[in-house]
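First comes the structure, then the notes that go with it.
Within every chain, numbering begins at 1; the chains are lettered A, B, ... in the order of the sequence lines, protein sequences first and strands thereafter. Side chains are part of it too, since the values below use all heavy atoms of this structure and drop only hydrogens, waters and symmetry mates.
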Amino acid sequence: MAKIKITFPDGNSKDYDSGVTGLQIAEGISKGLAREALAVEVNGEVWDLNRKITADAALKILKWKDDGGKYAFWHSSAHLMAAAVESLFPGTKFGIGPPIEVGFYYDLDMGDHTLTGEDLKKIEDRMVELSTKNDQYVREERNWEDAVSYFKEKKDPYKLELLEELKGQVITFYHSGAFTDLCYGPHLATTAPIKAIKLLSVAGAYWRGSEKNKMLQRIYGVTFPNTKELDEYLFRLEEAKRRDHRKLGQELEIFLLTPAVGGGLPLWLPKGTIIRENLVDFLRIEQKKRGYDFVMTPHIANLDLYKTSGHYPYYKDSQFPPITMPDGEQYMLKPMNCPHHHQIYSVKPRSYRDLPVRLAEFGTVYRYEQSGEMNGLIRVRGFTQDDAHIYCAHDQLKDEITSTVELTQLVFKTFGMEVKIRLSYRDDKNVEKYGGDAAFWEQAQREIKEVADEMKLDYFIGIGEASFYGPKIDFMVKDALGRTWQLGTVQVDYVMPERFQLEYTASDGKKHRPVIIHRAPFGSLERFIGILIEHFAGEFPLWLAPVQAAVLPITDQYAEYAKEVIAQMKDAGVRAEFDDRNEKIGYKIRDWELKKVPYMLVVGEKEKSSNTVSVRQHKKGDLGAMSREAFIAKVADLVHQKSLTL
RNA sequence: GCUGAAGUAGCUCAGUGGUAGAGCAGCGGUUUCGUAAACCGCAGGUCGUGGGUUCAACUCCCACCUUCAGCUCCA
């Protein structure tokens with residue numbers, strides 16, 4: 001028997017008989033490891049535990065804590081679900097059933113049958129039943145013709161369509177129990193580790209993600225090696241719902257969405273407006289420090305402006321339709337601020353000495369999002385960008401990108417938010433979606449990557465995520481339910497300067513085109529605040545808190561003193577409210593705790609006679625008595641620091 | 001836009017064909033109280049909208065609107 005050499009992650013290696021499986025290797029190391037093993041990584045590729053290894057390889061045993069292990073676990077769970085569905089609903093056609101970030105799904109064509117909550121429960125129960133049978137996941141290689149005839153017999157058009165693209169290749173099947181699937185794997189050895197199962201939801205999904213195709217039913221599920229982990233996961237899901245900005249936005253009176261105004265058109269309530277104005281002030285100051293000039297532009301513009309920019313043909317469907325005047329003139333609600341700013345750049349001849357010109361505006365724009373797309377403050381039809389356009393000479397470009405990225409990072413650091421950075425490139429297979437020629441794109445993409453590398457940014461690349469006029473550096477954040485959203489963005493644009501014939505006179509006396517950087521650190525104030533509500537779970541840092549302190553007299557005998565306190569607070573710029581309701585102190589405290597107000601100032605006989613306030617901190621409790629001046633100084637200090645803690 | 005689910009008081013929710021309910025919030029009163037819910041009372045609804053079936057519809061049927069989950073899209 002031929003020997004092969006297996007190298008482990010710690011660098012040690014050992015010889016095995018050729019054809020040894022990952023499971024056998026794990027068993028050779030320890031029983032415990034074999035029990036926990038879910039899959040193996042062979043030369044960087046995730047394999048089944050039962051697959052024979054026939055050549056020298058670097059090998060890692062994958063357990064639940066490894067992504068590859070989870071991947072195999074959930075992939076196998078998807079098959080288990082499919083097996084359950086097939087046994088309960090014979091004749092179901094199967095689309096695809098992959099693992100996802102958390103859990104898995106399977107797309108199903110069930111003809112006329114629409115899945116109900118009871119169906120889901122039945123499928124779940126059947127999965128539990130099947131999992132206890134410890135069926136093996138068996139990998140089988142077949143030639144292409146065999147595979148086609150198998151699915152022809154099964155009358156599954158989806159698998160046949162998938163096979164069309166694998167023509168001529170060796171096809172792998174996986175069997176588990178009575179269920180057989182076209183699948184590249186990898187899978188668990190048996191169904192045994194799948195102990196805790198929960199089917200979460202059913203939703204429609206287009207076959208292969210295209211609107212033109214039939215819509216299938218997609219079941220989302222999640223499984224775990226034990227019920228404890230499942231319970232923890234379900235608990236976290238509930239926690240996330242408690243943080244949902246739509247719920248908190250209503251409870252804390254931050255914003256209002258009403259059909260009376262229209263979908264995706266939020267109204268800012270007084271408390272929300274305080275948050276928003278503080279954010280705007282923060283960024284206005286930071287931008288002024290960095291040499292930005294503020295401008296203001298109207299909400300509508302002549303349609304021709306967007307024909308010049310090229311936005312109109314590219315994004316016609318996602319804009320509100322033009323307003324047509326009796327004389328035939330047409331206006332657009334502005335979907336972006338750039339064309340307006342380009343006009344301001346062009347107000348006079350520019351010299352290289354003027355550059356960079358940095359024009360900033362908190363500009364409100366309108367986009368016609370599809371009706372199913374609106375989502376609280378996070379996806380809206382009218383929103384305000386913290387927009388700016390930097391017009392610079394080419395040799396200034398990288399410095400300007402660097403400083404805009406630094407500004408964006410400062411923003412997220414101020415809020416203690418973790419962001420992922422994506423370099424958004426164009427999709428070379430789909431060039432008609434983009435403006436400008438290939439050379440511009442190549443150059444711009446190289447430039448942002450150079451900056452990202454020089455700044456040692458931790459980034460990933462998103463093909464096809466560029467805007468139509470240039471590549472971007474995007475800052476992505478997750479919401480409470482784990483959906484990722486783009487917030488800040490920095491974009492390089494060589495296209496608009498051409499279209500708008502933007503120029504400056506260089507030191508050589510000749511006309512040159514500037515390069516434009518489009519950038520928005522928050523992205524949209526609406527989305528940013530939506531994410532911020534979830535990030536802080538409604539417990540805003542003091543500088544943003546709509547109400548910073550509530551003054552609570554013990555009884556109405558101390559109302560006079562309380563009035564004095566509140567007047568002094570307001571005078572010192574503390575956002576304070578007076579709770580003069582005829583209620584017991586415990587009631588008032590509970591109420592202001594639920595409103596997540598950072599401080600409560602309790603005043604009674606003690607405080608009145610010593611000219612102090614008793615400070616109670618949100619979620620922490622009584623801090624004891626403090627002079628009024630000391631409290632004001634404390635608030636001023638925390639606000640000045642933009643402290644994240646009280 | 002597509003698929004599915006849901007819409008009852010300001011909020012959270014109960015109500016399966018026979019006169020619309022509760023808790024909280026609000027308002028009035030009593031109480032004057034020391035760190036997460038005092039007590040009594042009052043008021044509050046075109047049951048999303050419109051049509052239909054029925055002696056009778058919150059309840060059954062149809063259409064539309066809105067919201068939610070997902071898909072598609074996303075400057």
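- At the heavy-atom level, A/R208 lies nowhere under 4.0 Å from the strands shown.
- Rounded to whole angstrom, the span from the CG atom of A/L252 across to the C1' atom of B/G10 amounts to 15 Å.
- The nucleotide B/C60 finds its pairing partner in B/G52, both defining distances of the Watson-Crick or G-U wobble pair being shorter than 3.5 Å.
- Here the separation of B/U59 from B/C47, taken at their C1' atoms, is 10 Å to the nearest Å.
- Using a 4.0 Å heavy-atom criterion, one finds that A/Q319 contacts the bases of the nucleic acid, with or without backbone contacts as well.
- The distance from atom CG of A/L120 to atom P of B/G70 is 15 Å, rounded to the nearest whole Å.
- Taking atom CD of A/Q491 as the reference point, atom P of B/C74 lies 14 Å away to the nearest angstrom.
- Rounded to an integer number of Å, the gap from A/K588 NZ to B/U32 C1' is 10 Å.
- With hydrogens and angles disregarded, a donor-acceptor distance shorter than 3.5 Å links the side chain of A/Q217 to the backbone of A/L115.
- Within 6.0 Å of atom CZ in A/F235, 12 or fewer heavy atoms from other residues, nucleotides or ligands are found, so the atom counts as exposed in its surroundings.
- Residue A/K588 qualifies as enclosed at atom NZ: its count of foreign heavy atoms under 6.0 Å is above 12.
- Protein atom CD1 of A/I378 is 15 Å distant from nucleotide atom C1' of B/A69, rounded to whole Å.
- A gap of 15 Å separates the C1' atoms of B/C24 and B/A43, to the nearest Å.
- Side-chain contact between A/H342 and A/I516 is present, with heavy atoms from C-beta onward closer than 4.5 Å.
- Using a 30° and 60° split on the angle between ring planes, A/Y345 and A/Y391 fall in the parallel class, below 30°.
- Note: CD (A/E369) to P (B/C68) measures 14 Å, nearest angstrom.
- Ring planes of A/H518 and A/H389: perpendicular class, angle over 60° (limits at 30 and 60°).
- The base-pairing partner of B/G4, taking Watson-Crick or G-U wobble contacts with both distances under 3.5 Å, is B/C68.
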Which atoms of nucleotides 1-3 of chain B (N or O only) lie under 3.5 Å from a protein N or O atom, and what are those distances?
from: B/G1; atom 1: OP2; to: A/S371; atom 2: OG; distance (Å): 2.2
from: B/G1; atom 1: N9; to: A/Q370; atom 2: OE1; distance (Å): 3.1
from: B/G1; atom 1: N7; to: A/G372; atom 2: N; distance (Å): 3.3
from: B/G1; atom 1: N2; to: A/Y206; atom 2: OH; distance (Å): 2.7
from: B/C2; atom 1: O4'; to: A/Y206; atom 2: OH; distance (Å): 3.3
from: B/U3; atom 1: O2; to: A/G204; atom 2: N; distance (Å): 3.4

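- The residue A/Y220 sits close only to the backbone: its heavy atoms come under 4.0 Å of sugar-phosphate atoms, none of a base.
- Contacts of A/R379 with the nucleic acid, taken as non-hydrogen atoms under 4.0 Å apart, include base atoms.
- Considering only side-chain N and O atoms, A/R218 lies nowhere under 4.0 angstrom from the phosphate OP1 or OP2 of B/A69.
- Note on ring orientation: taking the six-membered ring where Trp is involved, the planes of A/F440 and A/Y494 are parallel (angle under 30°, cut-offs 30° and 60°).
- Toward the 5′ end of RNA chain B lies the nearest nucleotide of A/L115, the other residue of the pair A/L115 and A/R483 mapping further downstream.
- When the C1' atom is used for both B/U32 and B/G44, the distance is 30 Å, rounded to whole Å.
- On the C1' atoms, B/G51 is 13 Å away from B/A57, given to the nearest whole Å.
- The nucleotide B/A22 finds its pairing partner in B/U12, both defining distances of the Watson-Crick or G-U wobble pair being shorter than 3.5 Å.
- Nucleic acid contact for A/R527: none, since no nucleic acid atom lies under 4.0 Å from a heavy atom of the residue.
- A gap of 13 Å separates the P atoms of B/U8 and B/U46, to the nearest Å.
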Listed pairs, N/O of protein and of nucleotides 33-37 of chain B, under 3.5 Å:
from: B/C33; atom 1: N4; to: A/N582; atom 2: OD1; distance (Å): 3.0
from: B/G34; atom 1: O6; to: A/E605; atom 2: N; distance (Å): 2.7
from: B/G34; atom 1: O6; to: A/K606; atom 2: N; distance (Å): 3.0
from: B/G34; atom 1: N1; to: A/E607; atom 2: OE1; distance (Å): 2.8
from: B/G34; atom 1: N1; to: A/E607; atom 2: OE2; distance (Å): 3.4
from: B/G34; atom 1: N2; to: A/E607; atom 2: OE1; distance (Å): 3.3
from: B/G34; atom 1: N2; to: A/E607; atom 2: OE2; distance (Å): 2.4
from: B/U35; atom 1: O3'; to: A/R616; atom 2: NH1; distance (Å): 3.3
from: B/U35; atom 1: O2'; to: A/R616; atom 2: NH1; distance (Å): 2.9
from: B/U35; atom 1: O2; to: A/R616; atom 2: NH1; distance (Å): 3.3
from: B/A36; atom 1: O4'; to: A/R590; atom 2: N; distance (Å): 3.4
from: B/A36; atom 1: N7; to: A/R616; atom 2: NH2; distance (Å): 3.4
from: B/A36; atom 1: N6; to: A/E593; atom 2: OE1; distance (Å): 3.3
from: B/A37; atom 1: N9; to: A/R590; atom 2: NE; distance (Å): 3.4
from: B/A37; atom 1: N7; to: A/R590; atom 2: NE; distance (Å): 3.1
from: B/A37; atom 1: N7; to: A/R590; atom 2: NH1; distance (Å): 3.1
from: B/A37; atom 1: N7; to: A/R590; atom 2: NH2; distance (Å): 3.2
from: B/A37; atom 1: N6; to: A/R590; atom 2: NH2; distance (Å): 2.4
from: B/A37; atom 1: N1; to: A/R590; atom 2: NH2; distance (Å): 3.3

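- The local environment of CD in A/Q330 is crowded, with over 12 non-hydrogen atoms from other residues, nucleotides or ligands closer than 6.0 Å.
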Exercise for the section: Verify salt bridge (charged side-chain N to carboxylate O under 4.0 Å, His left out) between A/K420 and A/D474, making sure each step is shown before the conclusion. Expected result: CA-CA 8 Å; A/K420 287 198 172 168; A/D474 290 323; over 6 Å; no
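- Remark: B/G45 base-pairs with no nucleotide in the shown strands. Criterion, Watson-Crick or G-U wobble with two distances under 3.5 Å.
- Look at A/E593 and A/R616 and you find a salt bridge, because one of the NZ, NE, NH1 or NH2 atoms lies within 4.0 Å of a carboxylate O, short of that distance.
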| request: Report the C-alpha distance between A/R358 and A/E400 in whole Å, list the side-chain angles of each, state the deciding distance to 0.1 Å, and finish with yes or no for salt bridge (charged side-chain N to carboxylate O under 4.0 Å, His left out). | output: CA-CA 10 Å; A/R358 305 184 186 92; A/E400 288 299 313; 2.8 Å; yes
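- A distance of about 15 Å separates the C1' atoms of B/G15 and B/G7, rounded to the whole Å.
- Atom C1' of nucleotide B/C74 and atom OH of A/Y434 are separated by 12 Å, given to the nearest angstrom.
- With both ends at atom C1', the span from B/C2 to B/G18 equals 41 Å, rounded to whole Å.
- Base pairing of B/G28 is made with B/C40, judged by Watson-Crick or G-U wobble geometry with both donor-acceptor distances under 3.5 Å.
- In this structure, A/M374 places its CE atom 8 Å from P of B/U66, rounding to the nearest Å.
- A gap of 12 Å separates the C1' atoms of B/G48 and B/C58, to the nearest Å.
- If A/S201 and A/R581 are placed on RNA chain B by their nearest nucleotide, the residue sitting closer to the 5' end is A/R581.
- For A/K608, the NZ atom counts as loosely surrounded, since its 6.0 Å shell holds 12 or fewer non-hydrogen atoms of other residues, nucleotides or ligands.
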